[in-house]
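Since the structure comes first, as structure tokens, the remarks are kept for the end.
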Amino acid sequence: METHRLVFTEDLNPYGFLFGGRLLSWADEASYIAANQDYPKCRFVTIGMDKVEFRHSVKNGAILTIVSEQVRKGTTSITYSVTIYSSHESPDMPIFTTNVTFVNVDESGNKRPL
Ligand SMILES: CCCCCCCCCCCCCCCC(=O)SCCNC(=O)CCNC(=O)[C@H](O)C(C)(C)COP(=O)(O)OP(=O)(O)OC[C@H]1O[C@@H](n2cnc3c(N)ncnc32)[C@H](O)[C@@H]1OP(=O)(O)O
């Protein structure tokens, strides 16, 4: 699944670049939407995100492309890779990558098979 975000002033940190927490939130949300589309009957919560590194600062006005793809299916969990590109950088050079894992839970919050 591919989605986009436009970086606004309210997304920036005090130095004038995109706040890292906002990027993590968008990565989580995009992969959640992908998982929800792939498994519409499941109720997913995020259990973990792999190591994250911020090696490219992102400026105001950048259009981000967020690509989420399923990379692993377990018993109760599902993992999505998230790759983010910026319109201010080369189109073949991601500015951020990680994996996000979700667990399928019941109405009481207990894990259950996919
Ligand atoms: C009525 C109204 C309806 C409204 C409808 C609205 C719909 C609109 C919804 C929007 C919603 C957005 C959703 C956002 C997503 C959150 O923001 S969720 C909020 C943050 N997350 C949480 O609160 C989850 C808290 N964690 C937990 O409750 C428990 O850890 C869980 C999830 C029940 C799992 O139980 P556990 O005993 O800790 O799990 P455990 O057996 O260790 O591992 C379970 C699986 O996870 C894997 N795993 C464990 N740790 C890790 C790790 N660190 N990394 C990767 N995998 C791991 C295990 O390998 C295992 O996989 P399987 O082999 O079964 O496939």
Side-chain angles (χ1 to χ4, degrees):
M1 188 206 75
E2 182 175 309
T3 188
H4 300 273
R5 285 279 181 172
L6 174 60
V7 177
F8 286 103
T9 306
E10 59 263 33
D11 301 318
L12 306 181
N13 64 26
Y15 307 111
F17 298 114
L18 176 63
F19 175 49
R22 189 82 78 202
L23 194 72
L24 296 181
S25 163
W26 290 343
D28 190 25
E29 180 184 1
S31 49
Y32 172 81
I33 292 169
N36 195 258
Q37 288 179 338
D38 290 345
Y39 299 88
K41 292 183 178 164
C42 288
R43 175 193 293 254
F44 287 117
V45 292
T46 308
I47 191 164
M49 200 176 266
D50 287 1
K51 179 182 175 185
V52 296
E53 290 185 338
F54 302 104
R55 294 200 173 260
H56 302 269
S57 56
V58 179
K59 292 180 187 158
N60 200 0
I63 297 170
L64 302 184
T65 300
I66 306 173
V67 180
S68 304
E69 292 173 339
Q70 184 181 314
V71 292
R72 187 195 67 89
K73 182 181 177 185
T75 304
T76 65
S77 69
I78 195 90
T79 301
Y80 282 75
S81 67
V82 185
T83 310
I84 302 182
Y85 303 88
S86 169
S87 60
H88 290 175
E89 302 286 344
S90 165
D92 52 359
M93 186 173 75
I95 59 150
F96 179 85
T97 61
T98 193
N99 289 326
V100 186
T101 299
F102 301 94
V103 174
N104 183 33
V105 295
D106 63 19
E107 292 186 2
S108 303
N110 300 312
K111 64 190 173 188
R112 64 177 174 187
L114 294 164

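Hydrogens, waters and symmetry mates are skipped; everything else that's a heavy atom, side chains included, is used. Because the structure is predicted, anything quoted here is derived from the model rather than measured. Whatever order the structure lists them in is the order used to number ligands and atoms, beginning at 1.
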Item to check | Lys111 N/O under 3.5 Å from ligand 1 N/O | outcome: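 So ligand 1 has an N or O lying under 3.5 Å from an N or O of Lys111.
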
Checklist entry - Do Ile63 and Phe19 belong to the same hydrophobic cluster, where Ile, Leu, Val, Met, Phe, Trp and Tyr are linked whenever their side-chain heavy atoms lie under 4.5 Å apart, directly or via other members? => result no

Checklist entry - When clusters are formed by joining ILVMFWY residues with side-chain heavy atoms under 4.5 Å apart, either directly or through shared neighbours, do Val45 and Ile78 land in the same one? => result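 No, Val45 does not connect to Ile78 through the hydrophobic network.
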
At what distance is the nearest protein heavy atom to [atom], and which residue and atom is it?
| atom | value |
| --- | --- |
| atom 46 (O) of ligand 1 | Val103 CG2, 3.4 Å |
| atom 32 (C) of ligand 1 | Val45 CG2, 3.6 Å |
| atom 8 (C) of ligand 1 | Tyr32 OH, 4.0 Å |
| atom 29 (C) of ligand 1 | Ile47 CD1, 4.9 Å |
| atom 63 (O) of ligand 1 | Thr75 N, 3.9 Å |
| atom 18 (S) of ligand 1 | Thr46 N, 3.5 Å |
| atom 45 (C) of ligand 1 | Thr76 OG1, 3.4 Å |

Item to check | Atoms of ligand 1 close to Gly74 [distance to a heavy atom under 4.0 angstrom, numbered from 1] | outcome: 65 (O)

Checklist entry - Which is it for Met49 and Asn99 under the side chain to side chain contact (heavy atoms under 4.5 Å, CB included) test, yes or no, and what are the steps along the way? => result CA-CA 6 Å; Met49 200 176 266; Asn99 289 326; over 6 Å; no

Item to check | From CA spacing to verdict: side chain to side chain donor-acceptor pair (under 3.5 Å), Thr79, Thr101 | outcome: CA-CA 4 Å; Thr79 301; Thr101 299; 2.8 Å; yes

Next on the checklist: For atom 65 (O) of ligand 1, tell me which residue out of Ser108, Gly109, Ser77 has the closest non-hydrogen atom.
Outcome noted: Ser77

Test item: protein heavy atom less than 4.0 Å from [atom]:
| atom | value |
| --- | --- |
| atom 1 (C) of ligand 1 | no |
| atom 15 (C) of ligand 1 | yes |
| atom 10 (C) of ligand 1 | yes |
| atom 59 (O) of ligand 1 | no |
| atom 25 (C) of ligand 1 | no |
| atom 42 (O) of ligand 1 | no |
| atom 55 (C) of ligand 1 | yes |

Checklist entry - Checking side chain to side chain contact (heavy atoms under 4.5 Å, CB included) for the pair His56/His88: CA distance, chi angles, key distance, verdict? => result CA-CA 10 Å; His56 302 269; His88 290 175; over 6 Å; no

Item to check | Glu10 atom CD: more than 12 heavy-atom contacts under 6.0 Å | outcome: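 For Glu10, atom CD is crowded (more than 12 foreign heavy atoms under 6.0 Å).
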
Item to check | Ring geometry between Phe54 and Phe96 (parallel below 30°, tilted from 30 to 60°, perpendicular above 60°) | outcome: parallel

So does [Y] get a backbone contact from the side chain of [X], meaning a donor-acceptor N/O pair under 3.5 Å?
| X | Y | answer |
| --- | --- | --- |
| Asn36 | Tyr39 | no |
| Ser31 | Ala27 | yes |
| Thr98 | Asp50 | yes |

Item to check | Chi angles and distances behind the side chain to side chain contact (heavy atoms under 4.5 Å, CB included) call for Val58, Phe17 | outcome: CA-CA 5 Å; Val58 179; Phe17 298 114; 6.0 Å; no

